[in-house]
Amino acid sequence: MKIAIPVENKSLDSNVCLSFGRAPYFLFYNVETKESNFVVNNAAAVTGGAGIKAAQTIVDNKANVLLVTQLGENAASVLKAADIKIYQAKNASVKENLDDFTDDKLSLLEKIHAGFHGRRNR
Amino acid sequence: MLDFMVEGTGNMKIAVLSGKGGTGKTLVSVNLAAVSKEATYIDCDVEEANGHLFFKPQWIEKEDIAVKIPQVDKKLCDGCRNCVNFCKFNALVYVNDELKIFDEICHSCGGCILVCPQKALTEKDKIIGIIKKGISDNVTIYTGVLNTGEPSGVPIINKLLSEKNLKENKLTVIDCPPGSSCVVMESIKDADYCILVAEPTLFGVHNLKMVYQLVKLFDKPFGVVLNKCLKEDNPAEKYCLENDIKILSKIPFDNELGTLNSNGEIVANKDEKYKKIFSSLLNKLVKEVQNEAVVNP
């Protein structure tokens, strides 16, 4: 099983990034091999549709699970199409979140926000 | 209706804008159109068009406005992702061996269709709102209405300001959306002159700065109308004086004017003293635009 997490820095001690689409990196953690792979989020600086583009990265890296603090509806619809399970991460370190997930302490993300797209138009 | 009407406006196009809502764009726009012998009033605030509430026009035309968005023939798509990689707005993703298109993210550039080697993408119409045309005495009214939930009014504004609505030899008043973003840029781009409406507060100065920077960027001739003027110091006026910005008119903070306006009345048609404010403003604009034509032909 592969777990994806938006992260601030390329380290397991890094905090989970509170933004999904604009996170600098994604961690892909392989539960079986315990391998950590940090991938640059090429959506971090795009002018629009960051959540959608970031979701494409999560899908292309074949994650099964995503841990996030919050998520927009467009990104969620991409992830759902790929059958990726979305869990509510805590505002804490990556390591803590991975431990909690392993211990079954995280619940599925319930609240999907309407996204920030177009907000700058007004 | 009172008799004296401003003539000689030619086909000048005046855009009325402000950094925030509620400063008096519609008050100025509606009354300028009303004191002109003949005018076209175009309501570009497509998210909450309200100018028609003052004119109460007889509507004579209605047109759906559509944008082009891509649709995919899944049998032809081979998953090359050229379209996904091309789209600068990230309106397309490829997931689960299927192309997924986000209609409301698409900006209708048509690029994805051009780069598809399989010709799997074609255009379809998506209606995002309407334009209505109406008549009220000396004024022709165009109003754009963007459907709820649609992200951008630009295509409707573009259609509102199409050649055929502007070409007639009479005054055109363009009532802009608030702010200084894409929809405002679209609204002022063909204007001969811009009026910036400002309130007498520090917040008003902040908002005035935004539109001041915009009209300078667009290299448009412009002037300021100070609305809701009190006897006290006016920070917006101070800002204009400090920055050598032309003040075209001062509209008083006046209970009677406010009441008439909030009841949907065109104040210039109700009282000679208000009519004078707007007809002298329009006369000043005629001179400004003529002068501009001489200096910058």
Side-chain angles (χ1 to χ4, degrees), chain A residues 1-4 6 19-24 26 28 39-66 68 71-86 109 112-122, chain B residues 18-22 44-48 72 74 79 81 83-109 111-112 128 146-157 176-187 207 210:
Chain A
M1 181 169 61
K2 209 187 243 187
I3 302 172
S19 168
F20 171 69
R22 306 287 178 185
F26 290 114
F28 292 93
V39 172
V40 172
N41 174 20
N42 59 4
V46 297
T47 49
I52 296 171
K53 195 174 172 70
Q56 179 82 69
T57 303
I58 303 298
V59 172
D60 292 347
N61 281 277
K62 305 205 179 343
N64 310 97
V65 167
L66 173 70
V68 279
L71 194 66
E73 61 186 2
N74 287 335
S77 85
V78 175
L79 299 166
K80 279 177 182 163
D83 277 330
I84 294 171
K85 298 265 181 298
I86 307 159
L109 185 73
I112 305 287
H113 69 74
F116 301 117
H117 41 86
R119 293 287 167 82
R120 281 177 298 175
N121 278 348
R122 293 285 295 193
Chain B
S18 70
K20 79 173 196 41
C44 288
D45 191 5
V46 299
E47 288 184 45
E48 42 200 353
V72 63
K74 285 172 184 166
R81 296 200 189 194
C83 57
V84 173
N85 297 332
F86 177 84
C87 184
K88 288 288 164 284
F89 303 100
N90 299 305
L92 307 116
V93 282
Y94 193 76
V95 49
N96 239 2
D97 295 329
E98 253 182 36
L99 188 67
K100 199 168 154 62
I101 299 165
F102 288 90
D103 294 354
E104 75 282 6
I105 303 289
C106 174
H107 282 54
S108 304
C109 78
C112 54
I128 60 160
L146 180 69
N147 289 347
T148 306
E150 289 297 337
S152 174
V154 169
I156 294 182
I157 294 167
C176 298
S180 53
S181 66
C182 301
V183 276
V184 181
M185 296 182 207
E186 187 69 27
S187 304
N207 293 304
M210 286 164 47

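Chain A is the first sequence line, chain B the second, and so forth, proteins listed ahead of strands; every chain is numbered from 1. Just so you know, these numbers come straight off a predicted model, no measurement behind them.
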Check: Is B/N96 reaching over with its side chain to a backbone N or O of A/A81, donor-acceptor style, under 3.5 angstrom?
Finding: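 Flag set: sc B/N96 to bb A/A81 pair under 3.5 Å.
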Note to self: Less than 4.5 Å apart, side chain to side chain, heavy atoms only: is that true for B/E104 and A/N74?
What the structure shows: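 They are in contact (side-chain heavy atoms under 4.5 Å apart), so the answer is yes.
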Checklist line | B/V84 portion near chain A, given a 4.5 angstrom heavy-atom threshold | finding: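 The side chain, not the backbone.
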Notebook entry, point to check: Given a strict heavy-atom distance threshold of 4.5 Å, which part of B/F89 is in contact with chain A: side chain, backbone, both, or neither?
Noted result: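 Answer is backbone: N, CA, C or O of B/F89 sit under 4.5 Å from chain A.
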Note to self: According to side-chain hydrogen bond (donor to acceptor under 3.5 Å, both in side chains), does anything in residues 48-60 of chain A pair up with another residue at least two apart or in another chain? List the pairs.
What the structure shows: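 Every side-chain hydrogen bond (donor to acceptor under 3.5 Å, both in side chains) pair that includes a residue of residues 48-60 of chain A, provided the two are not neighbours, is A/Q56-A/D60, A/D60-B/R81.
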Next item on the list: Might you point out which heavy atoms bring B/N90 and A/G48 nearest each other, and give the distance in Å?
Entry: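 Shortest heavy-atom contact: ND2-O, 2.8 Å.
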Notebook entry, point to check: How close do B/I105 and A/I52 get, heavy atom to heavy atom, and via which atoms?
Noted result: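 So the two residues come closest at CG1-CD1, 3.7 Å.
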Next item on the list: Under 4.5 Å heavy-atom distance to chain B, tell me which part of A/V59 shows up: side chain, backbone, both or neither.
Entry: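 Looking at A/V59, just its side chain touches chain B.
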